[in-house]
Chemist: 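First the structure, which I've put down as structure tokens, then a few questions once you've had a look.
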Amino acid sequence: MSKFLEVKNLKKYYETNRGTLHAVDGVSFSIEKGETMGVVGESGCGKSTLGQTILHLRKPTDGEIYFNGEDISKPNKKKRHDLCQHMQIIFQDPFSSLDPRMTVKQIISEPLKIFNAVKSKAELEERVSKLMETVGLARRFVNTYPHELDGGRRQRIGIARALALEPSFIVCDEPVSALDVSIQAQVLNLMQDLQAQLDLTYIFITHDLSVVKHISNNIMVMYLGVVVERTSSQGLFAAPLHPYTKALLSAIPHSDIDVPRERILLRGEISSPIEPPPGCRFAKRCNYATEKCFTEDPVLEEIYPGHEVACHNVKEINAIH
Amino acid sequence: MRTNETTKFLEVKNLVIHYETDNGVVEAVNNISFKMNRGETLSLVGETGAGKTTTALGLLNLVPNPPGRIIDGEILLNGENLLKMSPHQMQKIRGSKITMIFQDPMTSLNPIETVGDQISEVIRLHNKVSRAEAAQLACDMLEKVGIPAERYGDYPHQFSGGMKQRVVIAIALACDPELLISDEPTSALDVTIQAQVLDTMWQLKKELKTSMLMITHDLGVVAETSDNVAVMYAGEIVEYGTLRQVFKDTKHPYTQALFDSLPDINKNVQRLIPIKGLTPDPSSLPNYCSFYDRCKKRMEECKKTDPASVDVGDGHLVKCLLFASERSSHE
């Protein structure tokens with residue numbers, strides 16, 4: 001049986017004045033229908049580029065993408081256009097991703113018009129109302145402009161727009177990062193409800209580890225364009241194996257003051273993704289780095305069933321035999 | 001050096017700050033009072049628009065005027081009312097006695113001046129030292145926040161976000177202030193960098209015995225840094241207490257709701273409990289409890305009166321009728 005979405009060795013490079021920037025460097029994964037794949041990592045690790053490259057919002061440098069068993073790695077213009085009906089994106093910033101000169105109704109109906117998805121004005125009205133109802137936007141906002149609404153409502157417009165063409169796959173790029181916690185919970189619940197109702201498949205990109213744990217089935221941890229660890233959500237938080245994941249998890253400030261914590265402080269900062277030297281990208285900051293780490297690229301290896309890690313020393317670090 | 005230990009170090013009494021705009025009066029800070037001891041870290045927690053930043057700007061007398069105006073209240077630093085001071089006197093206090101770290105390190109540094117000069121500028125403004133001495137002190141300060149002194153002559157764009165925030169911290173701590181106000185100091189940073197920066201701030205605060213007013217929306221950061229916590233909602237402090245009182249013996253329905261709406265990394269919750277509705281419009285606040293419309297435990301009486309803060313034990317203050325009645329029934 002073919003996977004719902006399969007990505008093989010996807011690469012996205014940018015040419016800059018200082019050399020080639022490896023934004024996404026050989027990422028492979030697959031997602032089953034109805035599942036949520038969480039992608040976590042710090043700024044500049046290539047998680048947003050990954051999402052946008054899968055949707056062909058950016059042209060991949062290399063690699064293969066299969067959607068419902070069909071090769072969509074190099075779509076022609078028409079194919080690319082048609083794909084929009086099945087694959088959509090929710091952007092991070094509900095302030096800049098909506099056209100300030102369009103009303104809520106215009107924003108939500110734009111995709112419907114582009115794809116001639118409705119036959120009459122009445123039908124358009126009905127679809128827009130239905131979508132607004134689905135995402136919990138009151139009918140009275142239909143003719144308001146985005147600037148009149150708060151962040152939570154604006155993000156709902158973005159979600160309604162993404163849902164307009166009834167896609168089966170949505171890339172959610174930090175959909176709740178710009179929102180306050182009380183509103184964040186509303187939007188996260190909404191997204192989970194919609195997934196259950198409409199059988200949606202999500203890629204959920206975020207830097208917030210507690211959010212990704214809450215919403216994902218599987219999680220990939222990215223560092224400088226490569227996946228360093230991939231496993232189930234439960235598995236990752238119960239027993240992270242990669243030294244970067246360990247440090248990342250230990251760095252989250254948590255609000256339970258009675259849980260003792262041991263923080264692993266990392267040395268230095270994320271290095272440049274331009275012309276990265278051979279070897280493990282994380283080696284410079286790693287507390288366990290050996291000589292091999294600076295010369296040989298580690299590959300993702302299955303350490304436990306369904307738990308893959310890209311680290312030369314994973315067995316020594318975690319005392320696995 | 002630092003005398004007057006008996007009086008409270010910082011005391012804010014009935015502070016009211018409004019923004020008077022063409023579209024009406026925005027009541028940003030409504031009658032808040034709190035006290036801080038020397039060396040203490042107090043966190044102001046709340047969501048966007050709760051009035052946290054306005055409160056901080058009020059302490060420095062930096063509320064943009066117009067449209068902002070401090071309507072009423074007293075801010076006593078070592079017993080002296082800052083609001084009664086002349087602009088000149090206030091200028092001497094800002095940067096030496098009270099300093100502030102702003103949220104966004106990208107915009108709070110001067111892009112066309114080297115970071116070293118930006119640090120020595122503060123030192124020379126507030127101390128009688130020569131250029132060379134100030135430069136030396138600035139180098140020491142850079143080393144203290146974990147930046148090699150060789151980078152004195154570099155410009156802000158040559159630094160990463162975490163390093164820039166370290167420079168901002170160095171500027172803020174250069175004159176050994178008594179009170180450091182940090183407005184979301186790590187919100188713009190990645191978690192591993194946030195951990196490093198918080199760690200540096202924590203070390204320096206201990207070393208210099210600085211008091212800190214921490215403004216944040218991140219309850220995790222609060223849990224790791226604070227002695228006391230004040231939860232703000234619609235311009236008011238709705239709950240105040242020690243970290244343990246507020247986090248483990250949560251009283252106010254808003255504070256409780258905040259905790260419930262947070263996905264917890266240590267627990268498996270299938271569904272979050274959001275707070276219904278939105279924060280009230282600060283230009284038309286109700287004359288009863290401002291959390292009434294979103295409150296799960298609201299009662300008939302809540303709509304009749306604006307509750308007063310009551311002490312529910314050991315200085316734990318809660319601004320909610322639920323506890324007013326509880327207390328009166330006890331007495």
Side-chain angles (χ1 to χ4, degrees), chain A residues 40-45 136 149-153 176-190 192-193 206-215 223 233-234 237-238 244 247-259 261 263-272 285, chain B residues 45-50 146 159-163 186-196 198-200 216-226 233 242-244 246-248 254 257-279 281 294:
Chain A
V40 278
E42 298 180 88
S43 40
C45 72
L149 303 174
D150 61 273
R153 291 215 174 95
V176 295
S177 308
L179 308 176
D180 273 321
V181 276
S182 70
I183 310 297
Q184 172 181 308
Q186 294 175 6
V187 173
L188 284 176
N189 280 346
L190 169 68
Q192 281 182 313
D193 293 345
T206 179
H207 68 278
D208 188 331
L209 289 141
S210 39
V211 168
V212 84
K213 181 187 182 204
H214 179 75
I215 203 157
Y223 189 81
S233 172
Q234 294 302 328
F237 285 88
Y244 174 65
L248 194 65
L249 294 189
S250 83
I252 319 166
H254 56 71
S255 55
D256 192 340
I257 53 176
D258 282 341
V259 177
R261 49 180 299 123
R263 178 179 279 170
I264 308 164
L265 271 188
L266 288 177
R267 291 172 288 169
E269 303 193 4
I270 201 160
S271 46
S272 163
R285 298 175 76 190
Chain B
V45 200
E47 298 179 89
T48 317
F159 290 86
S160 64
M163 291 297 234
T186 54
S187 305
L189 307 175
D190 281 317
V191 267
T192 60
I193 307 299
Q194 166 173 296
Q196 292 174 349
L198 282 179
D199 200 57
T200 309
T216 181
H217 67 273
D218 187 331
L219 291 166
V221 172
V222 175
E224 288 187 7
T225 54
S226 316
Y233 186 78
T242 62
L243 182 63
R244 183 155 291 275
V246 175
F247 275 57
K248 286 289 160 184
Y254 173 65
L258 263 188
F259 281 116
D260 289 342
S261 63
L262 217 59
D264 189 335
I265 207 113
N266 298 316
K267 290 186 199 119
N268 286 314
V269 189
Q270 281 312 309
R271 231 180 134 67
L272 300 171
I273 311 163
I275 307 177
K276 285 200 194 83
L278 300 166
T279 42
D281 180 357
R294 305 174 78 188

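Every chain is numbered from 1, with letters handed out A, B, ... down the list of sequences.
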Chemist: Mind ranking A/Ala247, A/Gly41, A/Ala185 by heavy-atom pairs under 4.5 Å with chain B and telling me who comes out on top?
Modeler: A/Ala185
Chemist: Where do B/Pro263 and A/Val211 come nearest, in terms of heavy atoms and distance?
Modeler: CG-CG2, 4.1 Å
Chemist: With sequence neighbours left out, what residues match B/Phe247 under ring pair (Phe, Tyr, Trp, His ring centres under 6.0 Å)?
Modeler: B/Phe259
Chemist: Among B/Val222, B/Val221, B/Thr225, whose side-chain contact (heavy atoms from CB on, under 4.5 Å) with A/Pro253 holds?
Modeler: B/Val221
Chemist: Side-chain contact, heavy-atom cut-off 4.5 Å: B/Arg271 with A/Leu188?
Modeler: no
Chemist: Using non-hydrogen atoms and a 4.5 Å limit, figure out which bit of A/Gln192 sits close to chain B: side chain, backbone, both or neither.
Modeler: side chain
Chemist: Looking at B/Gln194, B/Lys248, B/His217, which has the largest count of heavy-atom pairs under 4.5 Å with chain A?
Modeler: B/Lys248
Chemist: Given the options B/Gly146, B/Gly220, B/Ala195, which has more heavy-atom pairs under 4.5 Å with chain A than any of the others?
Modeler: B/Gly220
Chemist: Let me know if B/Glu224 has heavy atoms under 4.5 Å from chain A in its side chain, its backbone, both or neither.
Modeler: side chain
Chemist: Is the backbone N or O of A/Leu265 less than 3.5 Å from a side-chain atom of B/Gln196, with the two atoms forming a donor-acceptor pair by type?
Modeler: no
Chemist: Just to verify, what does A/Ser210 make a side-chain hydrogen bond (donor to acceptor under 3.5 Å, both in side chains) with, not counting sequence neighbours?
Modeler: A/Asp208
Chemist: Side chain from CB out, backbone as N, CA, C, O: work out which of these in B/Leu219 comes under 4.5 Å of a heavy atom of chain A, or both, or neither.
Modeler: both
Chemist: Among A/Asn189, A/Ile215, A/Val187, exactly one meets side-chain contact (heavy atoms from CB on, under 4.5 Å) together with B/Leu272. Which residue is that?
Modeler: A/Asn189
Chemist: Sort A/Leu209 into side chain, backbone, both or neither according to what part of it lies under 4.5 angstrom from a heavy atom of chain B.
Modeler: both
Chemist: How far apart are the closest heavy atoms of B/Ile275 and A/Gln186, and which atoms are they?
Modeler: O-NE2, 2.7 Å
Chemist: OG1/B/Thr192 to NE2/A/His207 distance, rounded to the nearest 0.5 angstrom?
Modeler: 11.5 Å
Chemist: Taking all heavy atoms of B/Asp190 and all of A/Glu42, pick out the closest pair and write down the distance.
Modeler: CB-OE1, 2.9 Å
Chemist: Quick one: what part of B/Arg244 sits under 4.5 Å from any heavy atom of chain A, side chain, backbone, both or neither?
Modeler: both
